[in-house]
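Working notes, beginning with the structure itself.
So you know, we letter chains A, B, ... as the sequences are listed, proteins then strands, and number each from 1.
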2 protein chains.
Amino acid sequence: MKTQKKRSDCPVSFSLEAFGDKWSLLIVRDLMLKKKCTYGELAKSDEKIATNILAARLLSLEENGIIQKLEHPDSKAKVLYQLTQKGMDLIPIIVEINLWAEKYTDIPEKRKELLAQMNADKEGFIKNALKELELNL
Amino acid sequence: MKTQKKRSDCPVSFSLEAFGDKWSLLIVRDLMLKKKCTYGELAKSDEKIATNILAARLLSLEENGIIQKLEHPDSKAKVLYQLTQKGMDLIPIIVEINLWAEKYTDIPEKRKELLAQMNADKEGFIKNALKELELNL
DNA sequence: ATATTTACTTGCAAAAAGCAAGTGATTTAA
DNA sequence: TTAAATCACTTGCTTTTTGCAAGTAAATAT
């Protein structure tokens with residue numbers, strides 16, 4: 001795990017050092033909500049991340065213990081990326097980010113069902129998402 | 001309010017464009033938890049943000065409708081920064097970030113009481129923090 | 001055997017972050 | 001009432017990070 005000079009001992013600062021940039025949480029989102037799990041699938045996301053940045057962020061997330069690389073069951077050419085427990089524990093943050101956005105921007109149709117679930121039963125949604133992800137651990 | 005080219009229509013992406021960097025949420029944290037409200041106080045935070053970066057982030061947060069500038073009651077030389085409603089609605093995110101960090105790093109003594117409250121009654125903590133901040137609006 | 005897919009890397013230009021010093025308006029202290 | 005201190009920034013410059021386009025090597029499919 002990466003040891004970088006901490007800017008402070010504040011827990012918010014600690015967290016932002018692990019995922020506080022414009023890309024890391026989008027990767028986490030894909031691994032969490034969209035079940036994308038290979039480099040190629042992550043690269044194809046709507047936000048069009050440059051491949052070198054994707055590689056850099058994946059390495060950083062791995063060093064921070066948020067994701068792990070595994071052999072892909074289908075092919076040795078592929079790599080399976082998945083969230084660790086530490087990564088899955090980011091679900092509540094992703095949920096709150098979604099709920100905040102819902103208040104201040106239009107939500108695309110394809111995301112409305114998910115938002116509805118989060119609103120109806122936040123705790124239940126998180127528990128369920130966690131359970132599904134843990135099946136793959 | 002800033003109109004920047006959206007990377008995608010994903011709510012997570014929308015949110016990260018507003019506060020997804022290493023500094024913005026630290027400023028929000030200070031305005032929220034530490035009741036810092038002037039440029040000088042924000043500049044003195046533990047993380048030692050450079051003054052030009054602070055100015056840039058404050059402008060960006062303002063353009064995104066998360067904070068607002070007001071006349072300081074004590075002096076015309078000072079500026080009062082405070083969270084808007086949109087900014088206050090980030091409280092649940094800050095709380096979840098604190099709770100995540102608590103699981104994976106040591107929390108400094110001065111923050112433990114706050115974390116205890118968040119753990120004991122998350123909803124209550126958020127409601128209360130919101131109520132206190134809204135008094136200043 | 002060849003072409004394609006896969007997960008990256010490399011080189012370079014552009015943007016952003018970070019540092020140190022400076023500016024001008026206000027406020028305090030002599 | 002004037003000089004020093006405080007306030008919220010800005011400016012100039014260097015370093016780091018981001019982003020683009022192209023390339024590479026291993027594995028797979030044809």
B:Leu61 CG to D:dC9 C1': how many Å, rounded?
-> 16 Å
Base, sugar-phosphate, or nothing for B:Lys48, non-hydrogen atoms under 4.0 angstrom?
-> nothing
Nearest-Å distance for atom pair NZ/C1', residues B:Lys76 and D:dC9 = 18 Å
When rounded to whole Å, the CG to P distance for the pair A:Leu58 and C:dT9 reads 10 Å
Of A:Thr51 and B:Ile49, the one whose nearest nucleotide on DNA chain C sits closer to the 5' end is A:Thr51
With distance as the sole test, does A:Ser45 use its side chain to make a donor-acceptor pair with the main-chain N or O of A:Glu47 at under 3.5 Å?
-> no
Atom CD of A:Glu41 to atom P of C:dC8: distance rounded to whole Å?
-> 13 Å
Interatomic distance where CD belongs to B:Glu71 and P belongs to D:dA8 [whole Å] | 14 Å
Residues A:Glu17, B:Lys22; criterion salt bridge (Lys or Arg N to Asp or Glu O under 4.0 Å); working and verdict | CA-CA 7 Å; A:Glu17 276 163 30; B:Lys22 295 238 184 272; over 6 Å; no
Okay, side chain of B:Trp100, backbone of A:Gly87: is any donor-acceptor separation there less than 3.5 Å?
-> no
Closest-nucleotide 5' rank along DNA chain D - winner of B:Ala77 and A:Ala50 = B:Ala77
Any B:Trp23 side-chain nitrogen or oxygen under 4.0 Å from OP1 or OP2 of C:dA16 = no
Side-chain N,O (A:Tyr39) to OP1/OP2 (C:dT9) below 4.0 Å | no
Take atom NZ of B:Lys44 and atom C1' of D:dC9, then tell me their distance rounded to the nearest Å.
-> 14 Å
Of B:Asn52 and B:Lys78, the one whose nearest nucleotide on DNA chain C sits closer to the 5' end is B:Asn52
When the distance from CG of A:Asp21 to P of C:dA15 is rounded to whole Å, what number comes out?
-> 20 Å
Provide, to the nearest angstrom, the distance between the CD1 atom belonging to B:Ile53 and the P atom belonging to D:dG12.
-> 16 Å
Between B:Cys37 and A:Ala56, the residue closer to the 5' end of DNA chain D by nearest nucleotide is B:Cys37
When you measure from the side chain of A:Glu41 to the backbone N and O of A:Thr38, does any donor-acceptor pair fall under 3.5 Å?
-> yes
Where the side chain of B:Lys34 meets the backbone of B:Leu31, is there a donor-acceptor pair that is under 3.5 Å apart?
-> no
How would you label the contact of A:Ser75 with the nucleic acid (heavy atoms, under 4.0 Å): base, sugar-phosphate, or nothing?
-> sugar-phosphate
